[in-house]
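Some notes on the structure that comes next.
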Amino acid sequence: MTPLSRLRLALVGIVLLVAMVVLSACPGAAPTQPAQPAAPAQPAQPAQPAQPAQPTPTPVPPTPTPVPPTPTPVPQPVTLTIATGTDIENLNIHTVTSSPSFTVLEHIYETLFYMNPEGQLEPLLAESITPNEDGSFTLKLRQGVTFSDGTPFNAAVVKANLDWVLNPDNKATFRFLIDRIQEVVVVDDYTVNLKLSGPFAPLPAHLSHGALAMVHPDLLAQGSEAMAANAVGTGPFLLDSWKRDEAVTLKKNPNYWGKPATVDTVVFKVVKEDGARLVEVEAGTADVAVRVPPIEAERLDADPNINVITTPGLRTIYIFFNVTAEPFTDPRVRQAVNYAVDKEAIVNELFAGAARVSDAPFAPPIFGYAPQTPYPRDVAKAKQLLADAGIAPGTKVVLYHPTGRYVQDALVADAVRSQLREVGLEVELKTLEWPQYVPTVRKPKPENDVQFAMLGWSTPTMDADYALYALFHSSQHPPGFNGAFYSNPKVDELLDGARTNPDQEARKQAYAEAIRLIWEDAPWLFLYSEVQKTAVRSNVEGFVVHPNERMIATYATKK
């Protein structure tokens, strides 16, 4: 390229550059966009058929948040605490003697029959008892009953228990209840034949007594010591624990054959002092308090949290004289003591009228009752009788008595002491705890040196045979229940005849004559019959106070 050509080319570049600068500086001028290619033609869409009108949907409420169901309340275990005045003797129901012991043990053990509070005999482990022409009795047993460990109850169990009681070597306390049975025969699994030595009118009633309850055959075979320390029965409760002089605790039997108990635990708490028992029930640490002093009953009943239950009693309180020990060998001395003691004053002042002066050796509701004229208080006559018997003023005697076993027992003993001093007898009081008391006052000869002693006797069979035979027949001297060592051949004859005679009217006549003779012989200081007063918290229902002094907690409830 020539120089001229190069010059021309440079001038052209400059011109183009200036033009570009000028154009870029002009406002509103948009750069020219390159042409876009045309969009391809779309094929025609076929016509869509008309859609039917859709209904307006019903609004759906929002799903609520799930609420967990209310849990079913779990029933809380029910414990019933009974403040009792004395501990049990032991756990052997065939040998104990006291109502407190039977009250506890009859929640574990059951009898063949049950004597209800109205005095009617009901089936329990036995369904029936039928007299036979040969003088025997046939028992038909309830089927489907088991002991708490599942062992079946049957005729063999009944035979084993009755044979144990009948065996003199076992020293069963209430053997006299069935001592006319010569043989117990198993007929089949649920039938027993009782062969007797002769007619025995009170037998059906006697079979309702707790001392004839059915003990587990294995425990029975282990003997008295094992039964005294253990308890296995067919009843609605099991033994949980026994702390001597503190409490016996029972728990519900989950395998009970009958209607289950409504109480899970029952505690029989030993509270010996009357006032302390009242404090327990007032504070609510006990649900029940036994043997409320009558003078406190009105005050307690005014508390809206407490109900005082009054139950006519079957128990007679007495002081027996050892008729083989001086000075009570002379009936004039025994009669003098009866004239010296003011029973009316004791009933009115210590019991506020909630007791009944004795006019027989047992209470009116019992079959065979025949009232006598009570010994009135006559100090002059008492002194004369003592003088006639050669008893010098100031003669010393020892009176044994329990405390906490009977209502106001220690106060009654002190009242007797005070009144006998007025006729010239100096009385020393000797108090023993209940477990030691009974063995002491019922020692056999020659160990027994007790002069006179307080006791009580209830008649759960509701028959005079139980009330009189055990206490006045010469065959029942200690260690039997005839603590007085009383013997009267005519009384023996009458009592023997009455228990073997099926004629109820003839039995009544025999008992009336026996009572008349006993009243004259005065082997007892005849005192009074009790009326039971029991304090129960008002939230407790279904607790039973039986006239025979049993406290039955099985179907109690607490609100």
Practice problem: Can you measure from OG1 (Thr234) to CG (Asn253) and round to the nearest 0.5 angstrom? | Solution: 9.0 Å

Practice problem: Please confirm whether the backbone N or O of Val215 pairs with a side-chain atom of Asn161, one donor and one acceptor, at under 3.5 Å? | Solution: yes

Quiz item: Mind checking whether Tyr114 and Ser208 have side chains closer than 4.5 Å, heavy atoms only?
Solution: no

Quiz item: Going from CG on Asp179 to CZ on Phe174, what distance comes out if it is rounded to the nearest 0.5 angstrom?
Solution: 13.0 Å

Quiz item: Would you call Glu246 and Lys269 a salt bridge, taking side-chain N to carboxylate O under 4.0 Å as the test?
Solution: no

Enumerate donor-acceptor pairs with a distance under 3.5 Å from any side-chain N or O in residues 462-469 to protein atoms, sequence neighbours excluded.
unit_1	atom_1	unit_2	atom_2	d
Asp463	OD1	Asp465	N	2.9
Asp463	OD1	Arg507	NH2	2.9
Asp463	OD2	Arg507	NH1	3.1
Asp463	OD2	Arg507	NH2	3.4
Asp465	OD1	Arg499	NE	2.8
Asp465	OD2	His206	NE2	3.3
Asp465	OD2	Arg499	NH2	3.1
Tyr466	OH	His209	NE2	2.7
Tyr469	OH	Ser475	OG	3.4

Exercise. Could you tell me whether a side-chain N or O of Arg142 sits under 3.5 Å from a main-chain N or O of Leu124, the two making a donor and an acceptor?
Key: yes

Quiz item: If you measure only the distance, is there a donor-acceptor pair under 3.5 Å linking the side chains of Glu110 and Trp257?
Solution: yes

Quiz item: For Pro304, does its backbone N or O pair with a side-chain atom of Ser538 as donor and acceptor, under 3.5 Å?
Solution: yes

Self-check item: Geometric class of the Trp524/Phe472 ring pair [parallel <30°, tilted 30-60°, perpendicular >60°]
Solution: tilted

Quiz item: His401 versus Leu429: any side-chain heavy-atom pair under 4.5 Å?
Solution: yes

Self-check item: Where Gly456 and Tyr406 come nearest, the two heavy atoms and their spacing
Solution: N-OH, 2.9 Å

Exercise. Answer whether the closest heavy-atom distance between the side chains of Met551 and Val544 falls below 4.5 Å.
Key: no

Practice problem: Can you label the angle between the Trp434 ring and the Tyr437 ring as parallel, tilted or perpendicular, going by 30° and 60°? | Solution: parallel

Quiz item: With a 4.5 Å heavy-atom cut-off, do Ser136 and Leu194 have their side chains touching?
Solution: no

Quiz prompt | Any donor-acceptor pair under 3.5 Å from Arg442 side chain to Pro479 backbone | solution = no

Practice problem: Kindly compute the distance separating CG (Asp189) from CG (Asn154), expressed to the nearest 0.5 Å. | Solution: 5.5 Å

Quiz item: Do we see a donor-acceptor contact under 3.5 Å between the side chains of Asn90 and Trp242?
Solution: no

Self-check item: Any donor-acceptor pair under 3.5 Å from Arg277 side chain to Lys272 backbone
Solution: yes

Quiz item: So which heavy atom on Lys159 is nearest to which on Val184, and how close?
Solution: NZ-O, 2.8 Å

Quiz prompt | Modelled atom types, side-chain donor and acceptor of Thr310 and Gln532, under 3.5 Å | solution = no

Practice problem: Consider only side-chain N and O atoms of Glu280 and Thr285, and report whether a donor and an acceptor are under 3.5 Å apart. | Solution: yes

Quiz item: Should Val407 and Arg315 count as side-chain neighbours, where that means a heavy-atom distance under 4.5 Å?
Solution: no

Self-check item: Short side-chain donor-acceptor distance under 3.5 Å, Lys252 and Thr265
Solution: no

Quiz item: What distance separates Thr111 OG1 from Phe113 CZ, expressed to the nearest 0.5 Å?
Solution: 9.0 Å

Self-check item: Any side-chain donor near an acceptor of the partner, Glu122 and Asn116, under 3.5 Å
Solution: yes

Practice problem: Any chance you could measure Leu203, atom CG, to Ile181, atom CD1, to the nearest 0.5 Å? | Solution: 5.0 Å

Quiz item: Is the ring centre of His107 less than 6.0 Å from the ring centre of Phe102?
Solution: no

Quiz prompt | Expected output: side-chain Asp240 to main-chain Leu250 donor-acceptor under 3.5 Å | solution = no

Exercise. Work out which heavy atom in Val441 is nearest to a heavy atom in Asn448; give both atom names and the distance.
Key: O-ND2, 3.4 Å

Quiz item: Would you say Lys195's side chain and Asn193's backbone share a donor-acceptor pair under 3.5 angstrom?
Solution: no

Quiz item: Is a donor on one side and an acceptor on the other found under 3.5 Å between the side chain of Ser101 and the backbone of Glu89?
Solution: yes

Quiz item: So is Lys259 actually on top of Tyr555's ring, under 6.0 Å and inside 45° of the axis?
Solution: yes

Quiz prompt | Non-hydrogen side-chain atoms of Val158 and Leu162 separated by less than 4.5 Å | solution = yes

Quiz prompt | Donor-acceptor side-chain pairing of Asn92 and His94 below 3.5 angstrom | solution = no

Self-check item: Note, Thr249 side chain near Val266 side chain (heavy atom, < 4.5 Å)
Solution: no

Quiz item: Is Arg299 paired with Glu282 through a side-chain N to carboxylate O contact shorter than 4.0 Å?
Solution: yes

Self-check item: Option passing ring pair (Phe, Tyr, Trp, His ring centres under 6.0 Å) with Trp457 (candidates Tyr318, Phe481, Phe526)
Solution: Phe481

Quiz item: Around Glu298, counting heavy atoms of other residues, nucleotides and ligands shown, do more than 12 lie under 6.0 Å from its CD?
Solution: no

Self-check item: ring-ring contact (aromatic ring centres under 6.0 Å, His included) partners for Tyr400, two or more places apart
Solution: none

Quiz item: At what distance, to the nearest 0.5 angstrom, does CD1 of Ile518 lie from CG of Leu471?
Solution: 8.5 Å

Exercise. Applying ring-ring contact (aromatic ring centres under 6.0 Å, His included), name anything that partners Phe485, two or more places apart in sequence or on another chain.
Key: His477

Quiz item: Does the side chain of Ser99 reach to within under 4.5 Å of the side chain of Arg550, using non-hydrogen atoms?
Solution: yes

Quiz item: With sequence neighbours left out, what residues match Phe351 under ring-ring contact (aromatic ring centres under 6.0 Å, His included)?
Solution: Tyr528

Quiz item: Does a side-chain N-to-carboxylate-O contact under 4.0 Å join Asp409 and Arg405?
Solution: no

Practice problem: Could you pull out all residues at least two apart from Phe543 that satisfy ring-ring contact (aromatic ring centres under 6.0 Å, His included)? | Solution: none

Quiz prompt | Qualifying residues under side chain to side chain contact (heavy atoms under 4.5 Å, CB included), relative to Asn230, sequence neighbours excluded | solution = Leu219

Self-check item: Side chains of Thr103 and Glu549, donor plus acceptor under 3.5 Å
Solution: no

Quiz item: Closest approach of Ala247 and Val267, non-hydrogen atoms and distance?
Solution: CB-CG1, 4.1 Å

Practice problem: Measure from the side-chain N and O atoms of Gln451 to the backbone N and O of Val398, and report whether any donor-acceptor pair falls under 3.5 Å. | Solution: yes

Quiz item: Between Asp301 (side chain) and Asn307 (backbone), is there a donor-acceptor pair under 3.5 Å?
Solution: no

Exercise. Flag the pair Asp287 and Lys558 as a salt bridge only when some basic side-chain nitrogen lies within less than 4.0 angstrom of an acidic carboxylate oxygen.
Key: yes

Practice problem: State, to 0.1 Å, how close Ala354 and Lys533 come at their nearest heavy-atom pair, and which atoms those are. | Solution: CB-CE, 3.7 Å

Quiz item: After noting the C-alpha distance and the side-chain angles of Leu207 and Leu212, does the key distance pass the side chain to side chain contact (heavy atoms under 4.5 Å, CB included) rule?
Solution: CA-CA 6 Å; Leu207 292 175; Leu212 302 178; 4.0 Å; yes

Practice problem: Could you tell me which non-hydrogen atom of Ala172 sits nearest to which non-hydrogen atom of Thr95, and how far apart they are? | Solution: CA-CG2, 4.5 Å

